J.: 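Below is one structure. I have some questions about it.
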Amino acid sequence: MCGIVGYVGPQNALDVVLEGLRRLEYRGYDSAGVAVRVDGPDGGELAAAKKAGKLANLEKLLADEPLPESTIGIGHTRWATHGGPTDRNAHPHLSADGRVAVVHNGIIENFAALRAELEDAGIEMRSETDTEVVAHLMTAVYAGLPESPGRLAEAMRLVSGRLEGAFTLVVTHADEPDTLVASRRNSPLVVGIGDGEYFLGSDVAAFIAHTREARELGQDQVVEIDRTRGLTVTDFAGSVVEPVAYTVDWDAAAAEKGGHDWFMLKEIAEQPQAIADTLLGRLGEDGELILDEVRLSDQELRDIDKIFVVSCGTSFHAGLIAKYAIEHWTRIPVEVEVASEFRYRDPVLDRSTLVVVISQSGETMDTLMALRHAKEQKARVLAICNVNGSTIPRESDAVLYTHAGPEVAVASTKSFLAQIVACYLVGLFLAQVRGIKYADEVAAIVAELQKLPGAVEQVLTHMEPVRELGRSLADADTILFLGRHVGFPVALEGALKLKELAYIHAEGFAAGELKHGPIAVIDQGTPVVVIVPSPRSRESVHGKVVSNIQEVRARGARTIVIAEEGDDDVVPYADHLIRVPRTPTLLAPVVTTVPLQILACEIADTRGFDVDQPRNLAKSVTVE
Ligand code: F6R
C-alpha cells in the first residue's frame, strides 16, 4: 500500500504534491519521491527527487536542492513490496531517456516477463521494482503513437492492457506540458476537481485541503487530466465513461482514517484488500507458489523434518493457526512457541529444522533474538513479515511478505489475517516442494483462499449487531472466549484484543479444557464467546463445542456464539448469534476473527479509551 498524488493547475505543483504526501504518509513511509514537468531550453523536461525513509528525508533533500516551479507534478510515499526500501527503489521511476516518470501503488504480477522483454531490447533496469517496467513501456508505446491530443492517455491504455495484478499508476511526460494521466486496476485512485485545477490521490486525504469535489474511478479505467480539455475517463479499450461524482464531507483528520473514527476500524475494513494483496502474484503460470525471497534450495526444503513457528502476541496466534494447516498439508511436525521463551529453553534444532518467524513489524526484539538463536544452531529460518527490508526478513534465509500495508493502530488486525494467509501459503509451498501435493491440489486450495476477501467483506457488512452487543458489554468485568481446533487460537486472539483495547480481564480457552478448572469462574451473566467450528468439519468437534455451549449456559453464562450460516444446532443455546459465511475448516479463522476485532474495538470505544493507542503498549516492541 503506497500513497500517490498528482496535480495539474496554477499552484506550484511541488507544494501541492508534498502537502498531499504528508497526508498520505500513513500509507507507507519506506521512501518518498516527486517529479515535476518544467519548460526547458529545448522543450519540456522532468525534474525529480526521491529519498529512502520518511517524507522528512525528502523534504530535507528538497530544501538543500530545490526543484523548479511547475504546474504539473506527481508524488509517491512508498510501502515497499518489490525491492527493498532504498533510494534506488523509491518512486518516481524514470524511463531511460528521463522523459517519462511514473508512480505506482500495487503489484504488477507479470513484471518479470515484461522486465525480461525490455532487457532483451537492451534496456538496463536501474531498480529492483516491478514499477520501473512501466516507465520503459510508456516511452516505447508513446513513441509509436502519432502526435495528437490524447496521445499520453492512449499510451497509458495500451500499457495498462499489458499489465497483470494490481496497480494505480500516474504518469507524466516531458513532452506533455498540459496533461497528466493515471490508470487503475484493483488499487485505489480518486480525482479531485478544484477551480481550474485537478488532483489525483490514493484517497481524498491527498487533496481535502483544496477541494471536496471528487470523482471515483471504476475498475480498469484510465483518467486523463488536461489543462484545456479537462477530465476524461475511459476504460482500457478507450470508450469514454462517466465517473461517479461525490462531495467529500470529512475533515482532514477523518479523511486520513478513510472516514472511520479510528485507524483500527479503517484497518479492519482494509482486511479484504490485505488478504487479496497477500495472495496476489503468489501463483506462477504452472501453478507453482512463489515466495518473495528464497535463499534455500528445494533440497533444503525437502530435508526439513521439523518446524518451529516462533512469534509474539497476535503473531503467535497466527502461528498457532499455522500449525493446524501446515501439519495437515505437509505431515511435518510443527511446534509453536512464544519467541521470548524459545531460546531460553534450549530447543532441539539442527540443519533439518525450519524455524518460521512471524512478525508484522519485522523488528520485535524477542522474535529477532529467537531467529538469531535458530541460525546459530544452523536451523533454516523463514520470515513472514509485513515491513519490507526490516531486520527480521533481512536476517532470514527466506521471506514471504504479507502485503497488508502499514498498520497504524497498535492492535494488529489486517496484518494478523494476512499472516494467517501467508502461513497457509507456506504450508502449501512446502507440500508442493516435497511432492506431497500436486500443483492442481495446491491450486484448488488457493482457489478457496481467493474467496476469503469476499467472505471477510460479507462479515464486515453485517457488523451492526456486533457493535450493539459491544456497547452492552462495556461494563463486563470478565469475558471468556472458547474454541476448539483452529477456533482455539481465534479464542486467544479475541481475548487478547479485548484486554489490550478495553482493559477488561479476558481469557481464551480450548473449549475442552474448561471442565478441568476454568468453568468455576462462570457466574450468572458471565459473557462467554464461543467460536463454533463448521458442522461440516469433523462431526465430533462441532458436536462437542455445541455441548460446551450448553455446559456454560447451564451455569449462568451469557453466550455469544459465532457460527457459520446454516448451523442450526447452536440456535437454542445462543443468547447472541453472530453468523459468518461458510468457509473450509482450516481457513475459518480468517472470517471468525473479524467479529471479535469489532467487538473489542466497540467495547473500548464505549468505555472511552483511545482505541489506536492503548495504554502501556507500543506498536513495535524492540526490547526483550
Ligand atoms: C496485538 C499486537 C501484539 C503484536 C506483537 C508482535 O494486537 O499487536 O501482540 O502482535 O507485539 O509484534 P510483531 O508482529 O510486530 O512482531
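Indexing begins at 1, ligand by ligand and atom by atom, following the structure's order. On a predicted model such as this, the values are computed, not experimentally measured, just so you know.
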J.: Students should be able to answer this: which protein heavy-atom is nearest to atom 10 (O) of ligand 1, and at what distance?
T.: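 That would be Thr314 N, 3.1 Å.
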
J.: Looking only at protein heavy atoms, which one is nearest to atom 12 (O) of ligand 1, and what is the separation?
T.: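 For atom 12 (O) of ligand 1, the nearest protein heavy atom comes out as Thr364 OG1, 3.5 Å.
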
J.: Of all heavy-atom pairs between Ala418 and Thr278, which one has the smallest distance, and what is that distance?
T.: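 Residues Ala418 and Thr278, closest heavy atoms: CB-OG1, 3.5 Å.
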
J.: Can you list everything that forms a ring pair (Phe, Tyr, Trp, His ring centres under 6.0 Å) with His91? Sequence neighbours excluded, please.
T.: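 For His91, the residues satisfying ring pair (Phe, Tyr, Trp, His ring centres under 6.0 Å) (neighbours in sequence not counted) are His76, His93.
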
J.: What protein heavy atom sits nearest atom 11 (O) of ligand 1, and how far off is it?
T.: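 The closest heavy atom on the protein side is Val621 CG2, 4.2 Å.
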
J.: Would one find an N or O of Lys497, backbone or side chain, under 3.5 Å from an N or O of ligand 1?
T.: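 The answer is yes, given that Lys497 and ligand 1 share an N or O pair closer than 3.5 Å.
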
J.: Please state which protein non-hydrogen atom is closest to atom 8 (O) of ligand 1 and give its distance, to 0.1 Å?
T.: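 Here the nearest protein heavy atom works out to Ser412 OG, 3.0 Å.
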
J.: With atoms numbered from 1 as shown, which atoms in ligand 1 lie under 4.0 angstrom from a non-hydrogen atom of Val410?
T.: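 Those of ligand 1 that fall under 4.0 Å from Val410 are 8 (O).
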
J.: Contact between ligand 1 and Asp366 is defined here as a heavy atom of the residue under 4.0 Å from a ligand atom; is it met?
T.: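 Per 4.0 Å heavy-atom rule, Asp366 does not contact ligand 1.
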
J.: Among Ser415, Gly362, Cys312, whose heavy atom sits nearest atom 5 (C) of ligand 1?
T.: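 The nearest heavy atom belongs to Cys312.
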
J.: For ligand 1, which atoms have a heavy atom of Ala411 less than 4.0 angstrom away?
T.: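 Those atoms are 7 (O).
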
J.: Between the main-chain N or O of Leu368 and the side-chain N or O of Arg372, is there a donor-acceptor pair closer than 3.5 Å?
T.: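 Checking the backbone N and O of Leu368 against the side chain of Arg372, no donor-acceptor pair under 3.5 Å is found.
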
J.: Should you measure from each heavy atom of Ser315, which atoms of ligand 1 turn up under 4.0 Å away?
T.: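 Answer for ligand 1: 10 (O), 13 (P), 14 (O).
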
J.: Is Arg615 positioned over the aromatic face of Tyr503, cation under 6.0 angstrom from the ring centre and no more than 45 degrees off axis?
T.: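 Flagged: Arg615 positioned over aromatic ring of Tyr503.
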
J.: State whether the side chain of Asp612 and the backbone N or O of Ala409 hold a donor-acceptor pair below 3.5 Å, judged by distance alone.
T.: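 No: the side chain of Asp612 does not pair with the backbone of Ala409.
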
J.: Between Gln271 and Gln597, do the side chains contain a donor N or O and an acceptor N or O under 3.5 Å apart?
T.: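 Side-chain D/A pair, Gln597 to Gln271: present.
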
J.: At what distance is the nearest protein heavy atom to atom 15 (O) of ligand 1, and which residue and atom is it?
T.: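 Minimum-distance protein heavy atom for atom 15 (O) of ligand 1 reads Ser361 OG, 2.7 Å.
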
J.: Side chains of Arg78 and Asn89 only: does a donor on one sit below 3.5 Å from an acceptor on the other?
T.: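 The answer is no; no qualifying pair exists.
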
J.: I'd like to know if Glu335 and Lys306 make a salt bridge, using a cut-off of under 4.0 Å between side-chain N and carboxylate O.
T.: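 Result for this pair is yes, salt bridge flagged.
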
J.: Under 4.0 Å from a heavy atom of Gln360: which atoms of ligand 1 are those, numbered in the order shown and with their elements?
T.: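 Counting from 1, the qualifying ligand atoms are 13 (P), 14 (O), 15 (O), 16 (O).
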
J.: Could you tell me the residue and atom name of the protein heavy atom closest to atom 7 (O) of ligand 1, and the distance to it rounded to 0.1 Å?
T.: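 Atom 7 (O) of ligand 1 sits closest to the protein heavy atom Glu500 OE2, 2.6 Å.
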
J.: Which of the numbered atoms in ligand 1 are under 4.0 angstrom from any heavy atom belonging to Ser359?
T.: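 Every atom of ligand 1 under 4.0 Å from some heavy atom of Ser359: 13 (P), 14 (O), 15 (O), 16 (O).
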
J.: With side chain to side chain donor-acceptor pair (under 3.5 Å) as the test, pick out the partner of Lys51 among Thr86, Asp87, Asn57.
T.: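 Considering Thr86, Asp87, Asn57, a side chain to side chain donor-acceptor pair (under 3.5 Å) with Lys51 is found only for Asp87.
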
